[in-house]
*Asks:* 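Below is one structure. I have some questions about it.
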Amino acid sequence: MKVICFFTLAIGAIMATDGLGNDDPAKGDLDKLKGTWLTASLVNNGKTLVDDKTPPKEGPITKLAYDGDKWIVKVGDKTVASGIFKIDAKKSPKEIDVMDASGMKNDKTQLGIYELDGDTYKYCLAPAGKPRPTEFTSKEGSGHSLGVSKREKP
């Protein structure tokens, strides 16, 4: 009888712990970010680089991919940058830290904010070493990069 009671309590504890993990907003956003994203618009330091009126330059397509806590930027088939990222989906606006492959905050770490709405991913990143943006803007002189990406369709 004691064994059955202990077994029931153990299973209940495992189920309760598993249920708590499913409510983690960061885990949900990691799942939503997973995949490949194409740039719809990009403004850097107040200058529009890509939008509806300014399409990307001809040549290979630049893609941003997320998988777990890893990010990678590819131009065509060539990887041009990669690293680790961390998110805090409990903050408002939600926060993202983009780091190099070491996964450690250092002089290359970019602090940013993001939001996800279906197949649209919006982010604003400060230059490395600068404070995190507080709003989704890229004014001249700020150094901020404001991007909107759309999920690549298979």
Side-chain angles (χ1 to χ4, degrees), residues 15-154:
M15 291 173 63
T17 302
D18 187 44
L20 290 174
N22 291 339
D23 292 338
D24 182 9
K27 171 76 171 103
D29 278 4
L30 284 175
D31 290 342
K32 291 175 188 175
L33 272 172
K34 186 175 182 174
T36 303
W37 299 84
L38 305 173
T39 301
S41 67
L42 182 61
V43 180
N44 190 37
N45 200 29
K47 181 178 180 189
T48 300
L49 304 177
V50 176
D51 67 4
D52 292 338
K53 298 174 188 167
T54 313
K57 295 177 182 174
E58 287 189 35
I61 296 174
T62 300
K63 296 180 180 184
L64 171 62
Y66 289 103
D67 188 10
D69 66 349
K70 294 175 178 50
W71 62 270
I72 187 169
V73 176
K74 285 188 165 191
V75 177
D77 292 331
K78 182 179 178 184
T79 298
V80 296
S82 64
I84 306 290
F85 72 99
K86 292 181 182 175
I87 59 174
D88 187 343
K90 295 178 183 177
K91 297 280 178 93
S92 182
K94 296 176 181 182
E95 295 182 353
I96 185 167
D97 297 350
V98 180
M99 297 163 280
D100 62 19
S102 74
M104 302 297 292
K105 287 189 178 181
N106 58 37
D107 60 346
K108 296 178 184 175
T109 301
Q110 289 184 278
L111 303 178
I113 55 176
Y114 75 97
E115 66 181 29
L116 289 163
D117 184 14
D119 288 336
T120 302
Y121 167 49
K122 184 177 181 180
Y123 60 89
C124 186
L125 296 173
K130 299 293 182 182
R132 186 182 312 276
T134 57
E135 57 187 11
F136 292 96
T137 61
S138 175
K139 298 175 183 168
E140 187 175 344
S142 70
H144 293 174
S145 294
L146 174 64
V148 176
S149 297
K150 300 287 184 178
R151 184 179 303 281
E152 181 179 51
K153 301 291 181 188

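If you're wondering where the values come from, they're calculated on a predicted model, not measured in any experiment.
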*Asks:* Is there a side-chain contact between Ile96 and Leu125, using heavy atoms and a 4.5 Å cut-off?
*Replies:* yes
*Asks:* Looking only at heavy atoms, what is the nearest atom pair of Pro131 and Ala126, with distance?
*Replies:* O-CB, 3.1 Å
*Asks:* Do Thr62 and Lys74 get their side chains close enough for a donor-acceptor pair, meaning under 3.5 Å?
*Replies:* no
*Asks:* Would Asn45 and His144 count as a side-chain contact (heavy atoms from CB on, under 4.5 Å) here? Give the steps.
*Replies:* CA-CA 5 Å; Asn45 200 29; His144 293 174; over 6 Å; no
*Asks:* Roughly how far, to the nearest 0.5 Å, is NZ of Lys34 from NZ of Lys70?
*Replies:* 11.5 Å
*Asks:* Just how far is it from atom CG of Asp88 to atom CZ of Arg132, taken to the nearest 0.5 Å?
*Replies:* 8.0 Å
*Asks:* Decide yes or no for Glu95 and Leu111: does some side-chain heavy atom of the first lie under 4.5 Å from some side-chain heavy atom of the second?
*Replies:* no
*Asks:* Take atom CG in Leu38; do more than 12 heavy atoms of anything else shown fall under 6.0 Å from it?
*Replies:* yes
*Asks:* How long is the straight-line distance from CG of Leu49 back to OG1 of Thr39, given to the nearest 0.5 Å?
*Replies:* 10.0 Å
*Asks:* Work out which heavy atom in Asp107 is nearest to a heavy atom in Ala128; give both atom names and the distance.
*Replies:* O-CB, 3.2 Å
*Asks:* Taking the side chain as C-beta and beyond, is there a heavy-atom pair between Ile113 and Lys91 under 4.5 Å?
*Replies:* no
*Asks:* State, with a plain yes or no, whether a side-chain heavy atom of Lys63 is found less than 4.5 Å away from one of Val73.
*Replies:* no
*Asks:* Have a look at Tyr66 and tell me which of Phe85, Trp71, Tyr114 forms a ring pair (Phe, Tyr, Trp, His ring centres under 6.0 Å) with it.
*Replies:* Phe85
*Asks:* Among Pro133, Ser138, Ser41, which residue meets the side chain to side chain contact (heavy atoms under 4.5 Å, CB included) test with Leu146?
*Replies:* Ser138
*Asks:* Quick one: CG on Asp119 to OG on Ser149, what's the gap to the nearest 0.5 Å?
*Replies:* 11.5 Å
*Asks:* When rounded to the nearest 0.5 angstrom, what is the spacing between OG1 in Thr109 and CD1 in Ile84?
*Replies:* 11.5 Å
*Asks:* Do Tyr121 and Trp37 have their ring centres less than 6.0 Å from each other?
*Replies:* yes
*Asks:* Backbone N or O of Thr54 within a donor-acceptor pair of the Asp51 side chain at under 3.5 Å?
*Replies:* yes
*Asks:* Which atom pair, heavy atoms only, marks the closest approach of Leu42 to Tyr123?
*Replies:* CD1-OH, 4.0 Å
*Asks:* Say you draw a straight line from NZ of Lys150 to NZ of Lys122; how long is it, rounded to the nearest 0.5 Å?
*Replies:* 10.5 Å
*Asks:* Using every non-hydrogen atom in the two residues, find where Cys124 and Phe136 come nearest and quote the distance to one decimal.
*Replies:* CB-CD2, 4.0 Å
*Asks:* Pro127 and Gln110: which non-hydrogen atoms are nearest, and at how many Å?
*Replies:* CA-NE2, 4.2 Å
*Asks:* Could you check if a side-chain atom of Lys105 sits within less than 4.5 angstrom of a side-chain atom of Met99, using non-hydrogen atoms only?
*Replies:* yes
*Asks:* Is there a side-chain contact (heavy atoms from CB on, under 4.5 Å) between Val148 and Thr120? Walk through the geometry before answering.
*Replies:* CA-CA 7 Å; Val148 176; Thr120 302; 3.7 Å; yes
